[in-house]
Amino acid sequence: MKASSSPVKTAMAHELRGAGFKARATNWYKHGPDAILVVNLQKSLYGPQYYINLAAWLKQFGESESPKEYQCHLRVRATSLPTDKAEALGRALNLEDESMSSEQREAFIAEFMRQEAIPFLESLGTWEGIRAAVDAGKLKRGSVYKEVEALLREPATPRKP
């Protein structure tokens, strides 16, 4: 099955466009006050499984119009978010899992994006939101650059002038 006809991509694209993200290949971007928010759809090389990668490029560390997910300062897979829906998302992203129809899969992914992934990612658009997410352990199963961790330990996070 092509990614373009995938219920995964269809559901994601609809929700991300509605939230103001702009598509570029398999990435979607939205500019926040302090960060560029990135959603990446990754297809497994070994089967019909997908991964939704969420990331934030912090503007304080340099400008980039459309950074790749793997270049971002904060990164986490959607299935690693601290939510009780993460395991079900993993099943929905596995097109070999026949426990749900294509329509159910698309509806579940759209709801997850709308209720979990997009609000989480939008919270990373500001230093205050980043600090809250890190303090709450929401990135515990993700990746946070050491430079970001160092800035977060400071009493007031500096902003780019």
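For the residue pair A92 and F108, the shortest heavy atom distance occurs at CB-CD2, 3.8 Å. The shortest heavy-atom contact between K9 and A25 is NZ-O, 4.5 Å. Of all heavy-atom pairs spanning T79 and A86, the tightest one is O-CB, 3.3 Å. Taking every heavy atom of both residues into account, A117 and L81 meet most closely at CA-CD1, 4.2 Å. Summarising the geometry of S99 relative to Q104, their closest heavy-atom pair is O-OE1, 4.3 Å, with the distance given to 0.1 Å. Considering every non-hydrogen atom in both W57 and G62, the closest pair reads NE1-O, 2.7 Å.
Of the inter-residue distances, the one linking M113 atom CE with F120 atom CZ reads 12.0 Å to the nearest 0.5 angstrom. The distance from the CG atom of L37 to the CZ atom of F21 is 5.0 Å, given to the nearest 0.5 Å. In this structure, CZ in R75 is found 11.5 Å from OG in S80, a value given to the nearest 0.5 Å. For the atom pair L151 CG and Y145 OH, the distance stands at 14.0 Å (nearest 0.5 Å). Note that CG of L74 is 5.0 Å distant from CD1 of I130, once rounded to the nearest 0.5 Å. Summarising the geometry, atom OG belonging to S123 is positioned 11.5 Å from atom CD belonging to E128; distances are rounded to the nearest 0.5 Å.
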Would E111 and K85 count as a side-chain contact (heavy atoms from CB on, under 4.5 Å) here? Give the steps.
CA-CA 10 Å; E111 179 181 328; K85 297 178 184 174; 3.5 Å; yes

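A salt bridge is absent between K59 and E63: the closest approach of a Lys/Arg side-chain nitrogen to an acidic carboxylate oxygen does not fall below 4.0 angstrom.
Under the 3.5 Å distance criterion, the side-chain polar atoms of R131 are matched with a main-chain donor or acceptor of L152. Side-chain atoms of K43 come within 3.5 Å of backbone N or O of G47 as a donor-acceptor pair. In this structure, the side chain of K30 engages the main chain of A19 through a donor-acceptor pair within 3.5 Å. Using a distance-only test at 3.5 Å, with no hydrogens or angles considered, no donor-acceptor pair links the side chain of E15 to the main chain of M12.
The neighbour count for H31 NE2, taken as heavy atoms of other residues, nucleotides or ligands under 6.0 Å away, is above 12.
By the 4.5 Å heavy-atom criterion applied to side chains, L54 and V38 are not counted as neighbours.
Listed by chain and number, the residues in a ring-ring contact (aromatic ring centres under 6.0 Å, His included) with Y51 amount to none (sequence neighbours excluded). By the side-chain contact (heavy atoms from CB on, under 4.5 Å) test, N94 is found to be paired with Q49, E96, D97, residues two or more places apart in sequence or in another chain being considered.
Side-chain heavy-atom separations under 4.5 angstrom define the hydrophobic clusters, and the remaining members of the one that includes L45 are Y46.
Hydrophobic clustering of Ile, Leu, Val, Met, Phe, Trp and Tyr side chains at less than 4.5 Å, counting indirect connections, keeps I109 apart from M100. By the rule that hydrophobic residues join a cluster once side-chain heavy atoms approach within less than 4.5 Å of another member, Y50 and F112 end up as members of one cluster.
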